[in-house]
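Here the structure comes first, spelled out in structure tokens, and everything after it is commentary.
Residue numbering restarts at 1 for every chain, and letters A, B, ... go by the order of the sequence lines.
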There are 2 protein chains.
Amino acid sequence: MAKAGTPSTVTPGGSARAVETRRLLVEAAITTLKEDGYAGASARAIAARAGSNQGLIFYHFGSVANLLLAALDAVSDVRLAHYGAAVERAGSVGSLGDFVDAARAIFQEDLDAGYVTVLVEMIAGASATPGLGVEVAARLGPWTDFTRQAIEQAWGDAPLGAVVPATDLAYGVVALYLGLEMLSHLEGDRAPAMALFSHAAQLAGLLSALSGVQSRKDVP
Amino acid sequence: MAKAGTPSTVTPGGSARAVETRRLLVEAAITTLKEDGYAGASARAIAARAGSNQGLIFYHFGSVANLLLAALDAVSDVRLAHYGAAVERAGSVGSLGDFVDAARAIFQEDLDAGYVTVLVEMIAGASATPGLGVEVAARLGPWTDFTRQAIEQAWGDAPLGAVVPATDLAYGVVALYLGLEMLSHLEGDRAPAMALFSHAAQLAGLLSALSGVQSRKDVP
DNA sequence: GTCTATACTTGGATAGAC
DNA sequence: GTCTATCCAAGTATAGAC
């Protein structure tokens with residue numbers, strides 16, 4: 001997303017200075033969303049963190065909401081690329097447990113960096129600003145798409161895929177991911193969420209053992 | 001929660017008029033959180049909806065945040081009571097599938113009424129207001145406690161309880177619930193979430209059939 | 001083209017009239 | 001106990017300086 005062809009933000013100039021200013025503002029917007037939430041992400045708060053003037057937000061992005069969307073785009077780009085690499089590594093092995101482990105590692109990174117907090121805050125904050133909801137929803141698509149692909153890859157020819165469509169499950173996995181991030185962030189304690197991943201890994205092992213066919217793991 | 005002994009809000013007077021004013025404000029706060037989110041829940045917006053003066057919020061509750069917490073308390077009380085009744089009904093039957101059905105019905109009600117939106121908005125908005133996080137976290141306890149009890153009841157002596165502790169699973173179920181509400185609310189479409197419940201019901205039936213022992217369902 | 005200064009609006013909170 | 005009037009801080013947005 002955030003390709004040159006379909007810009008979500010009006011970008012007046014392409015000079016080195018302008019690009020750097022926008023980069024600083026986007027960085028500051030991400031940090032502000034992480035630490036102060038959507039309700040605390042005002043033009044003044046973001047600009048102060050970026051060390052620049054608050055008027056620049058409106059010059060470069062047109063509105064605070066547009067800057068926040070640009071921040072969401074930036075986070076999506078960097079995270080999805082990273083997710084893809086992690087799942088490809090797990091895919092080369094192929095067992096369900098490896099995928100759960102990969103998800104666990106990614107989740108831990110996300111909590112540390114607060115990336116998903118940005119997404120959660122944008123979703124929750126969308127109701128406050130008219131028209132923002134559809135924009136955020138559009139940016140959620142790649143996340144669910146990616147999750148669906150990862151699930152299809154993880155399943156292989158496992159029998160579970162017949163009873164629960166990957167699309168539906170992907171929706172649930174994303175929802176769970178967002179919920180876990182919310183709770184962990186609220187309570188400042190990631191232990192319960194991490195415990196769940198451990199149990200999921202156990203169940204994954206149990207499931208693949210139970211299914212009899214050790215789905216194409218023997219192929220090097 | 002929200003007992004008389006540990007009031008989260010300072011309530012100056014107990015006259016019939018004062019009580020009614022507070023009730024109106026709490027109602028309006030709930031509606032505002034549902035429709036405009038935490039970021040849109042200003043004193044003026046809430047007071048306008050309640051048809052009363054903005055200053056009354058500070059007189060009766062001390063701050064906007066306190067009013068929002070009172071709103072969360074009100075929602076928690078009414079919903080947990082309802083949840084309890086629904087699970088008791090399902091408990092008298094005792095199969096896992098009945099519990100999933102009960103959860104499905106409750107979830108649909110919550111989406112219609114927007115009750116969980118209030119909780120989600122408070123959790124997401126908590127980062128904006130210092131000190132609000134711990135208050136919201138404290139009010140989340142009953143929800144996870146209730147979920148844990150429902151899970152223990154649903155499992156009975158099923159073998160799954162040994163591998164995944166009810167406490168951990170309850171945490172995940174609450175997280176999933178919050179996430180599903182967020183996504184459904186964002187996209188204005190509950191179909192994907194409802195589809196998940198259908199699949200869960202299927203799996204529940206499959207699981208109880210697979211476990212051989214049809215855990216104490218034959219006892220009327 | 002880029003940024004600063006300023007205008008104007010809304011929000012939280014209180015003091016005093018009723 | 002309730003409402004109006006008001007203060008000031010913080011918010012969005014633009015007009016004009018560089």
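- A straight line from OH of A:Y38 to C1' of D:dG11 spans 13 Å, rounded to a whole angstrom.
- Counting any heavy atom pair closer than 4.0 Å across all strands shown, B:R17 reaches sugar-phosphate atoms only and no base atom.
- A:T117 and A:L33 get closest at one heavy-atom pair: CG2-O, 4.3 Å.
- Taking only side-chain nitrogens and oxygens, A:Y59 never comes nearer than 4.0 Å to OP1 or OP2 of D:dT14.
- Note: CZ (A:F58) to P (C:dT4) measures 15 Å, nearest angstrom.
- The separation between A:Q54 atom CD and D:dG11 atom P is 9 Å, rounded to whole Å.
- Contact check on A:D101 versus A:R89 returns no salt bridge, with no Lys/Arg side-chain nitrogen under 4.0 Å from an Asp/Glu carboxylate oxygen.
- A:S15 has no side-chain polar atom (N or O) that falls below the 4.0 Å cut-off from OP1 or OP2 of C:dG1.
- Evaluation of the side-chain hydrogen bond (donor to acceptor under 3.5 Å, both in side chains) test over residues 25-34 of chain B, restricted to residues two or more places apart or in two chains, returns B:T32-B:R49.
- Positionally, the nearest nucleotide of DNA chain D for A:R44 lies more toward the 5' end than for the other of A:R44 and A:L56.
- A salt bridge is absent between B:R17 and B:E20; no separation between the charged side-chain nitrogens and carboxylate oxygens falls under 4.0 Å.
- Residues passing the side-chain hydrogen bond (donor to acceptor under 3.5 Å, both in side chains) test with A:Y177, sequence neighbours excluded: A:D110.
- What separates CZ of A:F61 from C1' of D:dT14 is a distance of 18 Å, to the nearest Å.
- Taking 4.0 angstrom as the limit, B:H60 places none of its side-chain polar atoms (N or O) nearer than this to OP1 or OP2 of D:dG1.
- Whole-Å rounding puts the A:D36 CG to D:dA10 C1' distance at 14 Å.
- Put simply, B:S63 has no side-chain N or O that comes within less than 4.0 Å of OP1 or OP2 on C:dG12.
- For the pair B:N66 CG and C:dG12 P, the computed distance is 13 Å after rounding to whole Å.
- As a whole-Å value, the separation of A:E20 CD from C:dT2 P is 13 Å.
- Dashed line: the shortest gap from a side-chain N or O of B:N53 to OP1 or OP2 of D:dT4 is under 4.0 Å.
- Residue contacts shown for A:S52 are absent, as no nucleic acid heavy atom lies under 4.0 Å away.
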